[in-house]
Amino acid sequence: MSKQKKLKPELATGFRDRKGNELILKDRLIEIIKRNFQLYGFEPLETPGFEISENIGKFLPDEDRPMSGVFGFKDENDWISLRYDLTAPLARYVSENFDNLSKPFKRYQVGTVWRNEKSGPGRYREFTQIDADTVGAKNFSADADMCVLLADTLSKCGLNKNEYLIRISNRKLIQGLLEDLKITNVSKKLTVIRAADKMDRVGIAGVKALLSKGRKDKSGDFTKGADLKEDQSEKIINFLTTDNFSKIVSLSSNSTFKEGIDELNKIFVLTKLSQFSDRIMFSPSIVRGIEYYTGAIFEANLFFKVKNKKGEEVEFGSVGGGGRYDDLIARFTQSTYPATGISIGLDRLIYAIDQKKKEKIKEDNPVVICVFDKKQMAQYNKLLLLLRSSNINSEIYCGDGSLKAQMKYADKRNAPAVILYGDNEIKSGTVTIKNLKLGKEASAKIIKREDWTNINKAQELGQKERLGSFQITTKIENLVNEIKKLL
RNA sequence: GCAGCUGUAGCUCAGUUGGUUAGAGCGCUUGGUUGUGGACCAAGAGGUCGGUGGUUCGAUCCCACCCAGCUGUACCA
């Protein structure tokens with residue numbers, strides 16, 4: 001047989017399969033989060049994965065730059081794109097249904113989004129976002145609500161109070177400072193804002209470098225800086241490192257800056273009323289790189305260590321954030337309309353929580369009923385019915401392997417138990433239940449080979465002796481109870 | 001996009017100062033008891049040594065280019 005080129009079973013880069021614990025956890029978290037969003041008065045919305053490209057952004061995939069961020073396709077009439085976030089579709093939805101919506105309009109949405117860009121550690125090209133937005137409310141109670149909702153949601157997801165923090169600031173602060181420093185060039189402003197946003201990652205020295213000439217990264221690559229004067233960058237750094245809100249107030253008398261302070265004050269008055277008042281804190285280094293924020297900005301940070309792929313401990317960082325953006329539907333209506341919202345990166349949250357409480361998730365794998373003789377299927381089905389009607393996940397082995405192969409199968413499936421119902425049992429009206437979970441635990445404790453062989457030596461005493469502790473034979477009536485005990 | 005590093009079995013990696021059949025551990029399949037999983041024993045499957053071109057009698061090894069992956073960085077509506 002000549003060798004054919006075989007297909008390589010693999011996924012495109014940036015995509016991955018999800019299974020097992022992670023999926024179970026995902027479903028649970030989504031339930032918790034949805035429920036909480038409803039509790040806060042948000043209504044659910046689902047929009048399609050595809051939108052007409054020009055409705056959700058200016059980015060069309062073209063020949064020059066096929067990797068321009070979105071996955072796009074041309075159908076009969078239009079370029080259509082997979083959504084890259086849930087905010088742009090919301091804008092389309094609100095504009096399209098403007099007359100029929102309550103104002104303010106509060107909705108939440110859980111959905112997959114796609115980004116056609118380079119993937120990195122923990123960054124995929126397909127992931128799930130959960131968003132809550134309030135559209136049409138200038139009132140700062142909407143912003144305060146978002147912060148409280150974020151904190152409450154994280155706590156309901158199982159995080160302790162010392163493990164997360166909602167950090168909040170206002171875009172107007174840094175904008176006011178930039179006015180003070182007479183920095184008017186738009187791209188320079190943006191460079192400063194982006195530099196400030198990198199405080200967590202590159203540190204004070206890094207931000208300083210980015211504000212002046214530039215920064216050389218670990219690989220030796222050079223990033224050009226904002227080219228500020230010494231005293232200018234010092235003022236920015238001074239602002240970014242002043243965590244005390246009352247001290248911040250005295251940093252500038254600029255009117256935009258004062259407006260920002262005033263807004264933050266109004267928000268804090270409201271968040272202080274919640275049970276999460278100490279979890280919502282001012283932090284000047286929250287800037288957020290995205291251009292469209294116009295007022296308050298928030299970010300949810302986790303403060304426990306997690307292990308990365310290589311097993312090194314790392315601080316987890318942000319799992320979500322948001323802010324006020326008052327130009328939401330400008331693309332469709334030419335008029336501005338206030339909105340504020342948050343977005344939770346579900347996959348990152350799952351990863352964090354999975355790391356935190358690993359083995360707590362209950363296994364839901366099925367009990368496996370072994371097949372001795374295919375002529376006895378009626379007997380096996382009797383047991384199956386018993387188990388399933390008691391809501392116990394279970395199955396009859398559906399392959400063709402020997403009993404040994406069936407054991408291996410059950411082992412690999414992580415089945416809690418195997419049921420042996422052969423001629424002997426059928427005759428005597430009993431079943432044999434082999435507890436795989438216990439056996440696995442016992443074998444995990446064995447470190448030296450001798451320990452293992454010692455157990456096997458017990459075999460000479462007879463199989464019953466050897467298997468005794470992990471295997472029981474009992475009357476059929478007790479089957480369900482015995483299984484329930486070992487689950 | 002830019003920069004640095006790395007590509008040998010499913011995974012982690014040896015190795016060949018350029019020479020005929022390419023190595024290990026783990027994993028996988030099967031058997032060792034036609035009624036018993038796991039760290040035991042045995043056998044087996046699995047590789048165009050990332051791709052293309054060049055140098056050479058001969059390249060997995062040397063050279064050039066390309067591609068892919070990783071890491072950092074930039075961008076991220």
Side-chain angles (χ1 to χ4, degrees), chain A residues 2-6 8-10 12-14 53-60 65 67-70 81 83-85 87-89 91 113 115-121 123 125 190-191 194-195 197-198 201-202 206 210 214-225 288-293 308-310 325 327-328 331 368 370-373 401-415 417-426 432-453 455-457 459 463-464 466-467 470-471 473:
Chain A
S2 71
K3 290 218 165 169
Q4 302 253 318
K5 247 186 207 160
K6 275 180 242 157
K8 217 176 181 179
E10 62 185 1
T13 150
S53 299
E54 57 181 1
N55 279 351
I56 57 166
K58 54 188 186 286
F59 296 90
L60 285 181
R65 307 199 320 146
M67 294 281 286
S68 65
V70 295
S81 297
R83 61 184 176 213
Y84 51 80
D85 73 2
T87 309
V113 303
R115 294 196 185 167
N116 191 6
E117 53 195 27
K118 184 184 134 183
S119 56
R123 278 188 82 171
R125 291 157 91 195
L190 206 55
T191 311
R194 284 178 186 149
D197 190 43
K198 292 181 178 64
R201 201 144 35 98
V202 300
L210 283 171
R215 172 175 181 266
K216 205 183 242 179
D217 71 36
K218 234 166 80 183
S219 67
D221 194 23
F222 186 76
T223 308
K224 207 177 168 323
R288 308 224 102 206
I290 300 163
E291 238 180 307
Y292 70 30
Y293 290 118
N308 67 11
K309 242 189 240 161
K310 287 179 192 158
Y325 48 102
D327 299 326
L328 176 69
R331 198 176 6 225
V368 174
C370 288
V371 175
F372 287 80
D373 182 350
S402 64
L403 189 60
K404 185 172 182 147
Q406 300 187 33
M407 301 298 308
K408 281 193 178 183
Y409 164 82
D411 186 42
K412 198 152 237 174
R413 292 274 331 249
N414 241 321
V418 142
I419 290 177
L420 302 171
Y421 192 50
D423 287 346
N424 301 343
E425 285 87 356
I426 293 175
T432 297
I433 302 166
K434 187 179 173 85
N435 189 332
L436 296 187
K437 229 157 99 184
L438 261 186
K440 190 167 259 184
E441 280 162 24
S443 72
K445 277 185 205 137
I446 295 169
I447 297 155
K448 283 181 293 182
R449 177 109 34 88
E450 300 134 44
D451 297 339
W452 181 249
T453 42
I455 286 187
N456 279 325
K457 268 191 190 143
Q459 186 172 176
Q463 211 171 50
K464 259 184 201 158
R466 174 167 71 115
L467 302 168
F470 308 138
Q471 186 168 322
T473 300

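Chain identifiers are assigned alphabetically (A, B, ...) following the order of the sequence lines, protein sequences preceding nucleic acid strands; residue numbering begins at 1 within each chain.
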A.B. asks: Are the ring of Y84(A) and the base ring of A77(B) both nearer than 5.5 Å at their centres and tilted by less than 30°?
C.D. replies: yes
A.B. asks: Do any side-chain nitrogens or oxygens of T13(A) fall under 4.0 Å of OP1 or OP2 in G69(B)?
C.D. replies: yes
A.B. asks: Rounded to whole Å, how long is the line connecting atom OH of Y293(A) with atom C1' of A77(B)?
C.D. replies: 11 Å
A.B. asks: At what distance, to the nearest 0.5 angstrom, does CZ of F470(A) lie from NZ of K440(A)?
C.D. replies: 13.0 Å
A.B. asks: Go ahead and write out RNA chain B as dot-bracket, 5' to 3': ( ) for pairs within the strand, [ ] for ones crossing earlier pairs, | when the partner sits on another strand, dots for unpaired; Watson-Crick or G-U wobble, both distances under 3.5 Å.
C.D. replies: (((((((..((((.....[...)))).(((((.......))))).....(((((..]....))))))))))))....
A.B. asks: Among U29(B), C76(B), U36(B), which nucleotide sits nearest the side chain of K412(A)?
C.D. replies: U29(B)
A.B. asks: For atom P, what is the distance between G32(B) and G10(B), given to the nearest Å?
C.D. replies: 29 Å
A.B. asks: Which nucleotide wins on minimum distance to the side chain of D423(A), given the candidates A77(B), U73(B), G35(B)?
C.D. replies: G35(B)
A.B. asks: Measure from the side-chain heavy atoms of L210(A) and tell me the nearest of G35(B), G72(B), A74(B).
C.D. replies: A74(B)
A.B. asks: Which value, in whole Å, describes the distance between the C1' atoms of nucleotides A59(B) and G37(B)?
C.D. replies: 48 Å
A.B. asks: Have a look at K404(A) and say if it touches a base, only the backbone sugar-phosphate, or nothing, with a 4.0 Å heavy-atom cut-off.
C.D. replies: base
A.B. asks: With rounding to the nearest 0.5 Å, note down the distance linking NZ in K434(A) to OG1 in T473(A).
C.D. replies: 11.0 Å
A.B. asks: For the side chain of K198(A) and the backbone of R194(A), is there at least one donor-acceptor N/O pair under 3.5 Å apart?
C.D. replies: yes
A.B. asks: Taking atom P in both C70(B) and A64(B), compute the distance separating them and give it to the nearest angstrom.
C.D. replies: 25 Å
A.B. asks: Work out how far the C1' atom of A22(B) is from that of U29(B), and round it to whole angstrom.
C.D. replies: 22 Å
A.B. asks: Using a distance-only criterion (donor-acceptor N/O pair, under 3.5 Å, no hydrogens), is the base of G4(B) paired with the side chain of D217(A)?
C.D. replies: no
A.B. asks: Could you tell me the separation between the OH atom of Y325(A) and the P atom of A77(B), rounded to a whole number of Å?
C.D. replies: 13 Å
A.B. asks: I need the CG-P distance between N435(A) and U36(B), as an integer number of Å.
C.D. replies: 19 Å
A.B. asks: K118(A) NZ to G4(B) C1': how many Å, rounded?
C.D. replies: 11 Å
A.B. asks: How far does the C1' atom of G47(B) sit from the matching atom of U60(B), given to the nearest Å?
C.D. replies: 11 Å
A.B. asks: What is the distance from CG of D197(A) to C1' of A74(B), rounded to the nearest Å?
C.D. replies: 13 Å
A.B. asks: Ignoring backbone atoms, establish whether R194(A) has a side-chain N or O less than 4.0 Å from OP1 or OP2 of C76(B).
C.D. replies: yes
A.B. asks: Base, sugar-phosphate or nothing for D85(A)? Non-hydrogen atoms, less than 4.0 Å.
C.D. replies: nothing
A.B. asks: To the nearest 0.5 Å, tell me how far E425(A) CD sits from I433(A) CD1.
C.D. replies: 10.5 Å
A.B. asks: Using the C1' atom on both, measure G50(B) against G7(B) and round to a whole Å.
C.D. replies: 6 Å
A.B. asks: K224(A) NZ to C2(B) C1': how many Å, rounded?
C.D. replies: 15 Å
A.B. asks: Regarding R115(A) and D85(A), does a basic nitrogen lie under 4.0 Å from an acidic carboxylate oxygen?
C.D. replies: no
A.B. asks: Which whole-number value in Å describes the distance from L420(A) CG to U36(B) P?
C.D. replies: 10 Å
A.B. asks: Using atom P of each nucleotide, how far apart are A14(B) and G53(B) to the nearest Å?
C.D. replies: 29 Å
A.B. asks: Ignoring the backbone of D411(A), work out which of U36(B), G37(B), A74(B) is nearest its side chain.
C.D. replies: G37(B)
A.B. asks: Please pick, from A74(B), G37(B), C76(B), the nucleotide with the shortest atom-to-atom distance to any side-chain atom of T223(A).
C.D. replies: A74(B)
A.B. asks: Sort out for me which residue in L420(A), N424(A), D423(A) forms a side-chain contact (heavy atoms from CB on, under 4.5 Å) with F372(A).
C.D. replies: L420(A)
A.B. asks: Using 0.5 Å steps for rounding, measure from the OG atom of S402(A) to the CE atom of M407(A).
C.D. replies: 10.5 Å
A.B. asks: On a heavy-atom basis, which atom in L436(A) and which in D411(A) lie closest, and how many Å separate them?
C.D. replies: CD1-N, 4.1 Å
A.B. asks: Where the side chain of K198(A) is defined as all heavy atoms beyond and including C-beta, which of U73(B), G4(B), C75(B) is the nearest nucleotide?
C.D. replies: C75(B)
A.B. asks: Are OP1 or OP2 of C28(B) and a side-chain N or O of K408(A) less than 4.0 angstrom apart?
C.D. replies: no
A.B. asks: When the distance from CD of E117(A) to C1' of C76(B) is rounded to whole Å, what number comes out?
C.D. replies: 5 Å
A.B. asks: Using a heavy-atom cut-off of 4.0 Å across all strands, would you classify K216(A) as base, sugar-phosphate, or nothing?
C.D. replies: nothing
A.B. asks: Which atoms form the tightest heavy-atom contact between I56(A) and S81(A), and what is the distance?
C.D. replies: CD1-CB, 4.1 Å
A.B. asks: When rounded to the nearest Å, what value does the distance between C1' atoms of G51(B) and C11(B) take?
C.D. replies: 23 Å
A.B. asks: How far apart are the closest heavy atoms of A12(A) and R125(A), and which atoms are they?
C.D. replies: CB-NH1, 4.4 Å
A.B. asks: Where each residue is assigned the nucleotide of RNA chain B containing its nearest heavy atom, which of K218(A) and E425(A) is assigned the position nearer the 5′ end?
C.D. replies: E425(A)
A.B. asks: If each of K437(A) and L403(A) is mapped to the nucleotide of RNA chain B with the nearest heavy atom, which maps nearer the 5' terminus, i.e. the 5' end?
C.D. replies: L403(A)
A.B. asks: Counting side-chain heavy atoms from C-beta on, which of U36(B), G37(B), U73(B) comes nearest to Q471(A)?
C.D. replies: U36(B)
A.B. asks: Do any side-chain nitrogens or oxygens of R201(A) fall under 4.0 Å of OP1 or OP2 in U73(B)?
C.D. replies: yes
